[in-house]
Amino acid sequence: MARGELMKKLLASYGRDEEFRAVAEQIISEEEKKNNVVLARSLRKTLENPSKPTRPKALAPLIPFPEAAGDFIERIEPVHSRQDIVLSRDNVRVFAGLLSEFRSGEQIRRRGLAVRSKLLFCGPPGCGKTLCAEIFAAEVGLPLYIVKLDRLISSYLGETATNIRKLFEFARKQPCVLFFDEFDALARARDDAGEHNELRRVVNSLLIFIDRIKPAGFLIAATNLDRSLDPAVWRRFEEVVWFDRPDDKMIREYLGLKFKNVILGFDPSEHIASLAGFSFAEIERVCVQAIKAAIVKRQKDVRADDFEQALADERRRRRDHSRLENRS
Ligand SMILES: Nc1ncnc2c1ncn2[C@@H]1O[C@H](COP(=O)(O)OP(=O)(O)O)[C@@H](O)[C@H]1O
Ligand SMILES: [Mg+2]
């Protein structure tokens with residue numbers, strides 16, 4: 001079998017020991033067939049004596065997610081790592097604290113204390129809430145499941161109560177990071193429900209579950225709203241983390257990250273001031289558009305005018321967007 005196919009099979013078997021072994025054996029025997037004796041021998045040795053993981057990983061077999069819940073929950077494979085995110089100093093400290101608490105979980109619980117495991121991420125769109133949930137899951141070595149709240153809520157007729165119960169049963173047993181993106185949808189749904197009693201009941205039972213659950217891993221909810229969020233929702237979380245728009249220092253760091261792999265014909269730090277008030281996602285779009293402009297023009301380097309044009313486009317986009325918002 002072609003090497004690429006084998007690699008794909010190997011990755012797909014992640015978490016299933018038997019299958020993983022079988023594919024690994026297949027790779028080794030392909031190498032033997034190709035006469036790559038040294039590589040084959042070393043692969044076999046590694047397979048027989050895998051090095052011990054340095055930190056707790058999700059070694060427990062994954063609990064299969066109930067079929068019915070597949071519609072409103074999705075497992076995400078992390079592709080980003082710590083180097084890909086720019087965090088404020090405060091947040092670096094908060095996450096270091098959460099990580100070390102998680103790693104000393106057993107000792108903490110033995111003393112009758114609880115490990116913080118229900119987190120609320122707040123801040124404007126495009127400032128890293130989802131990205132951070134992904135990287136956090138990778139850091140603690142737990143699988144990440146995204147709950148599609150809109151689907152869960154809109155499926156309220158009939159099955160929802162059962163689905164919510166399944167969801168939390170799962171979160172209680174399966175060590176994982178359960179991520180409720182766009183959590184404000186919940187508060188909104190409750191407000192919109194008005195006299196719609198069933199919807200109201202569904203939202204309330206979700207909130208009660210969040211209150212009661214002691215997750216085997218973490219429960220993270222993300223919202224674009226700030227303190228205007230209902231206090232009844234607010235107090236259910238043991239830690240609140242703010243993701244604000246980047247300050248000058250963070251913009252500088254982010255530009256360094258985004259232009260890491262290209263040749264620059266200008267100094268992006270001269271543009272920091274003009275990016276004030278932009279979200280990371282907006283700055284990213286400016287950088288990507290500038291790089292693409294240079295590629296299209298067959299330039300070796302990204303130049304100031306590429307960046308300035310991309311910045312002007314982003315401004316236009318923002319302006320049009322706010323115009324639309326004001327109209328609605
Ligand atoms: N703090 C950050 N550091 C690095 N990149 C970021 C950051 N925040 C946002 N981004 C970029 O913007 C994209 C969208 O961010 P996301 O995490 O989805 O924002 P949010 O969930 O807060 O709306 C990310 O995929 C990433 O490319
Ligand atoms: Mg998000």
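Both ligands and their constituent atoms are indexed starting at 1 by order of listing.
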task: Dump the intermediate steps for ring pair (Phe, Tyr, Trp, His ring centres under 6.0 Å) on F102 and F95, then the final yes or no.
output: CA-CA 10 Å; F102 175 71; F95 283 107; over 10 Å; no

task: Please test F179 against Y145 for ring pair (Phe, Tyr, Trp, His ring centres under 6.0 Å), starting from the C-alpha separation and ending with a verdict.
output: CA-CA 6 Å; F179 185 57; Y145 290 89; over 10 Å; no

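For N224, no nitrogen or oxygen atom sits less than 3.5 Å from a nitrogen or oxygen atom of ligand 1, counting backbone and side chain alike. Considering backbone and side-chain atoms together, P125 places no N or O closer than 3.5 Å to any N or O of ligand 1. Residue-to-ligand polar distances place G126 within reach of ligand 1: an N/O pair is separated by less than 3.5 Å.
With respect to atom 1 (N) of ligand 1, the closest heavy atom belonging to the protein is V86 O, 2.9 Å. Protein heavy atom in closest approach to atom 22 (O) of ligand 1: K129 NZ, 2.8 Å. Among protein heavy atoms, atom 17 (O) of ligand 1 sits closest to L131 N, 2.9 Å. Among all protein heavy atoms, the one lying closest to atom 10 (N) of ligand 1 is F280 CB, 3.5 Å.
With F278 as the aromatic partner, R318 meets the cation-pi criteria of under 6.0 angstrom to the ring centre and within 45 degrees of the ring axis.
Relative ring orientation between F121 and F243 is described as tilted, the plane-to-plane angle lying within the 30° to 60° band. The aromatic rings of F266 and F307 sit tilted, their planes meeting at an angle between 30° and 60°.
Residue E284 touches ligand 1 through its side chain alone, judged by heavy-atom distances below 4.0 Å. Contacts between D84 and ligand 1 below 4.0 angstrom, taking non-hydrogen atoms only, involve the backbone exclusively.
Ligand 1 is never approached by G123 to a heavy-atom distance shorter than 4.0 Å.
Atoms of ligand 1 lying under 4.0 Å from at least one heavy atom of T130, given by number and element, are 17 (O), 18 (O), 21 (O). Every atom of ligand 1 is numbered from 1 in the order shown, and the set under 4.0 Å from a heavy atom of A281 is 12 (O). Atom numbering of ligand 1 starts at 1 in the shown order; those under 4.0 Å from a heavy atom of I85 are 1 (N), 2 (C), 3 (N), 4 (C).
Within a 4.0 Å radius of atom 25 (O) of ligand 1, the protein contributes no heavy atom.
Across Y254, F243, F121, heavy-atom proximity to atom 4 (C) of ligand 1 is greatest for Y254. When A133, C132, G128, P246 are checked for heavy-atom proximity to atom 8 (N) of ligand 1, G128 turns out nearest.
Classification of E77 and R75 as a salt-bridged pair holds, one side-chain N sitting under 4.0 Å from a carboxylate O. Under 4.0 Å is where a charged nitrogen must lie from a carboxylate oxygen, and between R21 and E25 at least one such pair does.
Ring centroids of F237 and F183 are separated by less than 6.0 Å, placing the two rings close together.
S88 and D90 form no side-chain donor-acceptor contact under 3.5 Å, judged by distance and modelled atom types alone. Between the side chains of D306 and Q299, a donor-acceptor pair is found at a separation under 3.5 Å.
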